[in-house]
Peer 1: 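Sharing a structure below in structure tokens format, with a few things to ask.
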Amino acid sequence: MTDDVRLPEKWSKGSNGGFEFSTDAVLTDDGGVETNENWAVPLRRYEISHNVKTPEDIGLLRSFHAARRGAARPFLFKDWIDFTSKADGNSAAAMTDQPLGIGDGVTTAFQLVKRYADSVSPIDVPVLWPVTGTLLIAKDGVAAPTGWSVNRGTGIVTFTSAPPLGVILTAGFQFDVPVRFEDDLLRISWDTINSRSAGSVPLSEWRA
């Protein structure tokens, strides 16, 4: 269960990180290499320690880490490099940014995704935590401001009535990434009378 609370932006802004895949590379008898993709979609990882310097920040981080029970309780993270449905990850979202589905007259529930485009192998990554109040839905390019709801935690959009056959559904949004502290231990060092520093504070995306 992810805590519906976002890591303070002053720590997420300036963090570093991004997608990580899991690939096994196996050397074959003839000297070639075969690769096996272990995950269907990537997970994100981040490092925030360089943003935490002042005694005030250290105290707040210590409280936040304790409230999450170390690595036990996931929370939300704003990835400043990629937090909107636009391809660049930063520009303002528009209602036709991302595919949501095609109506068949029966289906009422559709998963939010962000498509990372590529001419050979695009990939759709599920979006589980749209930011409240930012979701825009369109049917055949026309705004549909009502007649649907979204679950924050699954990213599933549910229409009150099934979109008709052939209707193209699109979406635009901001989103957060569910993450957790990788470590139960939060290392803090005393540098000077007015300065503290946290050791490495890695975060990894949470996937239930």
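These values consider heavy atoms only, across backbone and side chains, with no hydrogens, waters or symmetry-generated copies.
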Peer 1: Between Val179 and Pro74, is any pair of side-chain heavy atoms under 4.5 Å apart?
Peer 2: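 Counting from C-beta outward, Val179 and Pro74 never come under 4.5 Å.
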
Peer 1: Decide if the gap between the ring center of Phe175 and the ring center of Phe83 is smaller than 6.0 angstrom.
Peer 2: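 They do not qualify: ring centres at least 6.0 Å apart.
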
Peer 1: Is there a path of hydrophobic side-chain contacts, each under 4.5 Å between heavy atoms of I, L, V, M, F, W or Y residues, that connects Val125 with Phe173?
Peer 2: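 Both belong to a single hydrophobic cluster.
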
Peer 1: Heavy atoms only: give me the nearest Gly155-Val150 pair and the separation to one decimal.
Peer 2: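 Smallest interatomic distance, heavy atoms only, reads C-CG2, 4.3 Å.
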
Peer 1: Honestly, is Arg73 close enough over Phe75, meaning NZ or CZ under 6.0 Å from the six-membered ring centre and within 45° of the axis?
Peer 2: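 No, Arg73 and Phe75 do not form such a contact.
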
Peer 1: Rounded to the nearest 0.5 Å, what's the gap from CZ on Phe19 to CZ on Arg44? Could you check?
Peer 2: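 Rounded to the nearest 0.5 Å, the CZ-CZ separation comes to 4.0 Å.
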
Peer 1: Flag yes if Leu128 and Ile123 sit in one hydrophobic cluster, no otherwise; membership is Ile, Leu, Val, Met, Phe, Trp, Tyr, and two members link when side-chain heavy atoms are under 4.5 Å apart.
Peer 2: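 No, because Leu128 and Ile123 fall into different hydrophobic clusters, even though each may have its own neighbours under 4.5 Å.
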
Peer 1: Do Val167 and Leu169 come close enough that some side-chain heavy atom pair is under 4.5 Å?
Peer 2: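 Counting from C-beta outward, Val167 and Leu169 do come under 4.5 Å.
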
Peer 1: Side chains of Val201 and Leu186, heavy atoms from C-beta outward: is any pair under 4.5 Å?
Peer 2: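 The answer is yes, as the side chains (C-beta and beyond) meet within the 4.5 Å cut-off.
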
Peer 1: When rounded to the nearest 0.5 angstrom, what is the spacing between CG in Asp24 and CD in Glu37?
Peer 2: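 So the CG of Asp24 and the CD of Glu37 are separated by 11.0 Å.
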
Peer 1: State, to 0.1 Å, how close Gly172 and Ala93 come at their nearest heavy-atom pair, and which atoms those are.
Peer 2: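 Closest heavy-atom pair between Gly172 and Ala93: C-CB, 4.0 Å.
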
Peer 1: Would a distance-only check, ignoring hydrogens and angles, find a side-chain to backbone donor-acceptor pair under 3.5 Å from Thr134 to Val131?
Peer 2: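 Pair found, side chain donor or acceptor close to backbone of Val131.
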
Peer 1: Between Thr96 and Thr170, which heavy-atom pair has the shortest distance, and what is it?
Peer 2: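 Heavy atoms of Thr96 and Thr170 come nearest at CA-OG1, 3.5 Å.
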
Peer 1: Applying salt bridge (Lys or Arg N to Asp or Glu O under 4.0 Å) between Lys114 and each of Asp88, Asp124, Asp82, Asp97, report the one that passes.
Peer 2: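 Filter result, single survivor: Asp82.
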
Peer 1: What residues, two or more places apart in sequence or in another chain, satisfy side-chain hydrogen bond (donor to acceptor under 3.5 Å, both in side chains) together with Asp29?
Peer 2: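 Residues passing side-chain hydrogen bond (donor to acceptor under 3.5 Å, both in side chains) with Asp29: none at all.
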
Peer 1: Contact between Asn38 and Thr23 at the side-chain level, heavy atoms closer than 4.5 Å - yes or no?
Peer 2: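 No. Closest side-chain heavy atoms not under 4.5 Å.
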
Peer 1: Identify the heavy atoms of Lys86 and Ala94 that sit nearest to each other, and give their distance.
Peer 2: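 Smallest interatomic distance, heavy atoms only, reads NZ-CB, 3.9 Å.
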
Peer 1: If two hydrophobic side chains count as joined below 4.5 Å and joins carry through other members, does Tyr116 share a cluster with Phe21?
Peer 2: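 Yes, Tyr116 and Phe21 fall within the same hydrophobic cluster.
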
Peer 1: Please check this pair: side chain of His65 against backbone of Asp183, looking for a donor-acceptor N/O pair closer than 3.5 Å.
Peer 2: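 Checked: pair present.
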
Peer 1: Identify the two heavy atoms, one from Ala171 and one from Ile137, that lie closest to each other, and give their separation to 0.1 Å.
Peer 2: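 Smallest heavy-atom distance, with atoms named: CB-CD1, 3.9 Å.
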
Peer 1: Are side-chain heavy atoms of Leu135 and Val157 found at a separation under 4.5 Å?
Peer 2: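 A side-chain contact under 4.5 Å exists here.
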
Peer 1: Taking Ile156's backbone N and O only, do any of them form a donor-acceptor pair with Asn151's side chain (distance below 3.5 Å, no angle check)?
Peer 2: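 Not at all, since once roles are kept as given, no pair shorter than 3.5 Å links the two residues.
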
Peer 1: Are the side chain of Gln111 and the backbone of Thr154 linked by a donor-acceptor contact shorter than 3.5 Å?
Peer 2: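 Looks like yes, one N/O pair under 3.5 Å.
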
Peer 1: Looking at side-chain heavy atoms only, is the closest gap between Thr28 and Val33 below 4.5 Å?
Peer 2: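 Not touching, per the 4.5 Å side-chain cut-off.
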
Peer 1: The test is side-chain contact (heavy atoms from CB on, under 4.5 Å); show your working for Lys139 and Phe159 and say whether it passes.
Peer 2: CA-CA 12 Å; Lys139 297 179 179 178; Phe159 291 86; 3.8 Å; yes

Peer 1: Measuring from atom OG1 of Thr107 to atom CD1 of Ile102, what distance do you get when rounded to the nearest 0.5 angstrom?
Peer 2: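 Taking OG1 in Thr107 and CD1 in Ile102, the distance rounds to 11.0 Å.
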
Peer 1: Determine, for Lys10 against Asp57, whether the closest basic-nitrogen to carboxylate-oxygen distance falls under 4.0 angstrom.
Peer 2: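 The answer is yes: the pair qualifies as a salt bridge.
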
Peer 1: With clusters defined by side-chain heavy atoms of hydrophobic residues (ILVMFWY) lying less than 4.5 Å apart, directly or transitively, does Phe77 cluster with Trp206?
Peer 2: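 No.
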
Peer 1: For the residue pair Arg207 and Leu43, establish whether any side-chain heavy-atom pair is separated by less than 4.5 Å.
Peer 2: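 SC-SC contact between Arg207 and Leu43 confirmed.
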
Peer 1: Less than 6.0 angstrom from the centroid, inside 45 degrees of the normal: does Lys78 satisfy that with respect to the ring of Trp80?
Peer 2: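 Checked: cation-pi criterion met.
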
Peer 1: First locate atom OG1 of Thr84, then atom CG of Asn90, and finally report the distance between them rounded to the nearest 0.5 Å.
Peer 2: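 Those atoms lie 6.0 Å apart.
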
Peer 1: Under a 4.0 Å N-O cut-off, is there an ion pair linking Glu182 with Arg45?
Peer 2: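 Salt bridge present between Glu182 and Arg45.
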
Peer 1: Determine whether Leu76 and Val5 make a side-chain contact, defined as any pair of heavy atoms from C-beta on separated by less than 4.5 Å.
Peer 2: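 Of all side-chain heavy-atom pairs linking Val5 with Leu76, none is under 4.5 Å.
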
Peer 1: Under 4.5 Å between side-chain heavy atoms, counting indirect links through other Ile/Leu/Val/Met/Phe/Trp/Tyr residues: same cluster for Ile58 and Trp11 or not?
Peer 2: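 Yes; tracing contacts between hydrophobic side chains, which count when under 4.5 Å, links both residues.
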
Peer 1: Whether the side chain of Arg6 engages the backbone of Asp4 through a donor-acceptor N/O pair (distance < 3.5 Å, no angle test) should be reported.
Peer 2: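 No; judged by distance alone, with no hydrogens or angles, the pair does not exist.
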
Peer 1: Test side-chain hydrogen bond (donor to acceptor under 3.5 Å, both in side chains) on Ser15 and Glu47; report intermediate values, then the result.
Peer 2: CA-CA 6 Å; Ser15 62; Glu47 171 62 58; over 6 Å; no

Peer 1: Just how far is it from atom OG of Ser85 to atom CG of Leu136, taken to the nearest 0.5 Å?
Peer 2: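 The OG atom of Ser85 sits 7.5 Å away from the CG atom of Leu136.
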
Peer 1: Would you say the side-chain atoms of Thr160 pair up with the backbone N or O of Gly147, donor to acceptor, closer than 3.5 Å?
Peer 2: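 Yes, the answer is positive, given that a donor and an acceptor are paired below the 3.5 Å cut-off.
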
Peer 1: Are side-chain N/O atoms of Tyr46 and Asp79 paired as donor and acceptor at under 3.5 Å?
Peer 2: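 Note: Tyr46 and Asp79 side chains meet the donor-acceptor criterion.
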
Peer 1: Would you name the heavy atoms of Ala72 and Asp184 that are closest together and state the gap between them?
Peer 2: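 Looking at all heavy atoms of both residues, the closest pair is N-OD1, 4.4 Å.
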
Peer 1: Once rounded to the nearest 0.5 Å, what's the spacing between atom CZ of Arg180 and atom CG of Asp3?
Peer 2: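 It comes to 13.5 Å.
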
